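These values consider heavy atoms only, across backbone and side chains, with no hydrogens, waters or symmetry-generated copies. These figures come from a predicted structure and were not determined experimentally. Lettering follows sequence order; numbering is per chain, from 1.
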Amino acid sequence: MTLDVLYFAWLRERIGQPRERVETAATTVRDLIADLAARDDWHAAAFSDLSAIRCAVDQQLADLDSPLADAREVAFFPPMTGG
Amino acid sequence: MTLDVLYFAWLRERIGQPRERVETAATTVRDLIADLAARDDWHAAAFSDLSAIRCAVDQQLADLDSPLADAREVAFFPPMTGG
Amino acid sequence: MSARVHSAPFDLAAELAGFGSGAGAIVTFTGVVRDDTGALAALEIEHYPGMTERALSDYGRQAAERFALTDWRIVHRHGRLPVGDQIMMVATAARHRHAAFQAADYLMDWLKSRAPFWKREIGHDGAARWVDAKASDEDALARW
Amino acid sequence: MSARVHSAPFDLAAELAGFGSGAGAIVTFTGVVRDDTGALAALEIEHYPGMTERALSDYGRQAAERFALTDWRIVHRHGRLPVGDQIMMVATAARHRHAAFQAADYLMDWLKSRAPFWKREIGHDGAARWVDAKASDEDALARW
């Protein structure tokens with residue numbers, strides 16, 4: 001499966017790019033994180049503390065255990081600070 | 001003691017005037033009401049249900065048992081409906 | 001930090017120009033004459049000149065102290081207000097949003113039940129009816 | 001009934017022109033860039049284009065249904081916002097005041113913790129620091 005993976009805020013800074021296209025066999029968000037963390041030290045560092053990570057699948061907030069199913073776009077970011 | 005007594009809303013309508021000057025020996029609001037209610041049928045009717053009456057002494061909200069002391073102005077009115 | 005009572009309309013935008021400088025959170029409440037039944041033409045609002053200004057200023061100062069407001073404003077109209085007209089507004093400014101929300105809510109509770117205003121509904125047929133105070137407004141005040 | 005995200009300033013008065021027609025109660029909340037220490041120059045707000053608009057519209061619709069709103073509006077800015085600038089606003093209109101207050105408070109709780117915005121503080125010295133989410137904001141959301 002081909003996914004667009006997006007990063008925001010300090011995740012974007014640590015990984016060094018705002019988005020990347022990823023080929024993966026992951027079936028859940030958590031699996032996808034494992035794939036990404038294995039890519040290089042920057043990815044590994046960015047995903048080292050999962051309690052600090054939030055995600056969205058196809059622009060809907062999701063859990064780490066959410067299925068990827070037919071997802072096109074997955075985003076990772078720190079807890080939101082709007083308002 | 002000479003007092004200006006003011007009436008608002010339906011109390012004003014029932015008594016038929018917005019204010020009157022009153023000579024009284026009353027020492028509390030409740031005593032003053034007794035004096036006023038004895039004046040005529042309109043006053044008596046207006047003060048027939050004390051649970052529906054609120055008052056202010058010198059423009060400060062007061063209880064029926066508040067002392068009149070050196071008061072100059074006492075106002076009677078129904079429960080307020082501001083906002 | 002001011003309270004005003006007058007019959008003329010007010011302009012929320014003008015009231016908020018320069019309001020709450022330095023605050024992080026500004027809350028406004030605006031009350032509007034609402035017609036639920038199609039029978040209402042206007043509200044007529046009577047008040048107690050002199051006491052009204054004093055009461056509103058007192059409540060504003062109490063809210064400012066209790067919720068550490070950096071600014072507050074109360075404007076309340078009296079007289080005949082047709083359906084759709086603004087009746088009154090409060091604005092509160094504080095460092096944080098919960099204080100600003102709570103202070104506006106607090107002021108509304110005091111204004112509803114402890115400010116010397118009396119509303120009368122005027123129907124399209126000319127009939128006039130004094131609005132009864134609501135037990136729920138009295139209950140709301142007891143929260144504080 | 002609308003949600004907007006843009007970098008340009010907004011004008012509360014213009015946002016409220018014609019807002020909430022037929023409502024009895026209108027509440028607004030405005031968030032302003034606040035400098036508590038004298039060291040802050042600006043906030044930089046990053047967001048997730050596409051998702052942001054969708055999330056704000058969803059939260060507005062949820063609030064409208066839950067609190068029977070007659071109107072609602074959300075405006076949120078992104079980009080660099082100097083101290084004193086307005087960050088965002090919500091406006092809610094309902095028949096009664098408690099619904100309007102609660103809906104504005106509800107929307108703020110959702111915006112704080114569930115809308116894809118991230119704030120960074122920029123000091124006068126140029127230093128940048130991501131703002132941490134507050135546990136109290138998460139707790140506030142759990143009220144609903």
Side-chain angles (χ1 to χ4, degrees), chain B residues 1-22 28-30 32-33 36 42-83, chain C residues 3 5 29-34 43-60 62 74-78 81 86-90 104-121 128-141:
Chain B
M1 172 167 60
T2 306
L3 282 175
D4 286 319
V5 178
L6 279 63
Y7 304 107
F8 292 96
W10 57 254
L11 263 152
R12 173 179 52 68
E13 294 178 327
R14 290 201 194 166
I15 285 173
Q17 56 189 347
R19 63 192 302 151
E20 57 187 325
R21 182 151 291 182
V22 171
T28 68
V29 173
R30 197 180 292 275
L32 174 62
I33 290 175
L36 293 168
W42 291 277
H43 284 78
F47 286 109
S48 62
D49 177 8
L50 292 188
S51 74
I53 307 272
R54 300 291 180 272
C55 69
V57 174
D58 286 337
Q59 305 193 352
Q60 298 279 356
L61 293 175
D63 296 324
L64 296 186
D65 295 313
S66 294
L68 292 178
D70 299 321
R72 313 277 306 239
E73 178 175 304
V74 178
F76 294 103
F77 39 80
M80 293 149 275
T81 53
Chain C
V5 185
F29 177 90
T30 309
V32 179
V33 181
R34 186 188 75 242
L43 284 184
E44 262 179 22
I45 301 183
E46 181 172 336
H47 80 117
Y48 183 171
M51 177 171 166
T52 311
E53 293 80 351
R54 177 186 295 204
L56 299 188
S57 294
D58 285 350
Y59 302 152
Q62 287 165 23
I74 303 170
V75 180
H76 204 303
R77 296 175 67 194
H78 63 83
L81 309 183
Q86 292 178 330
I87 303 169
M88 49 73 60
M89 61 155 281
V90 303
D105 209 10
Y106 171 96
L107 281 175
M108 287 308 303
D109 283 342
W110 282 88
L111 264 59
K112 285 269 175 192
S113 302
R114 293 291 185 276
F117 293 99
W118 299 275
K119 291 197 187 98
R120 187 157 53 168
E121 295 178 344
R129 191 187 70 82
W130 291 102
V131 174
D132 287 327
K134 290 189 204 131
S136 59
D137 286 334
E138 194 63 31
D139 294 345
L141 193 56

### Task
Using the six-membered ring wherever Trp is involved, compare the ring planes of B:Phe8 and C:Tyr48 and label them parallel, tilted or perpendicular (cut-offs 30° and 60°).
tilted
#### Entry: side-chain contact (heavy atoms from CB on, under 4.5 Å), paired with B:Met80, selected from C:Trp118, C:Trp110, C:Phe117
C:Trp118
#### Entry: More than 12 heavy atoms of other groups within 6.0 Å of B:Asp70 CG
no
### Task
Step through the shown structure and confirm whether more than 12 heavy atoms of other residues, nucleotides or ligands are within 6.0 Å of CZ on B:Arg72.
no
### Message
Is B:Arg54 close to chain C through its backbone or its side chain, or both, or neither, when contacts mean heavy atoms under 4.5 Å?
### Response
neither
### Query
Which atoms of B:Ala56 come close to chain C, meaning under 4.5 Å heavy atom to heavy atom: side chain ones, backbone ones, both, or neither?
side chain
## Note on the structure
Looking only at C:His76, C:Glu44, C:Lys119, C:Arg114, most heavy-atom pairs under 4.5 Å shared with chain B are made by C:Lys119
Can you tell me which portion of [X] sits under 4.5 Å from chain B's heavy atoms? Options are side chain, backbone, both or neither.
X: C:His78; answer: neither
X: C:Asp132; answer: backbone
X: C:Arg77; answer: neither

## Note on the structure
Nearest heavy-atom contact between C:Arg54 and B:Asp58 is NH1-O, 3.3 Å
### Query
Any donor and acceptor pair, going by atom type alone, linking the side chain of C:Lys112 with main-chain N or O of B:Thr81 inside 3.5 Å?
no
### Task
Report yes if some heavy atom in the side chain of B:Arg12 is under 4.5 Å from a heavy atom in the side chain of C:Glu46; otherwise report no.
yes
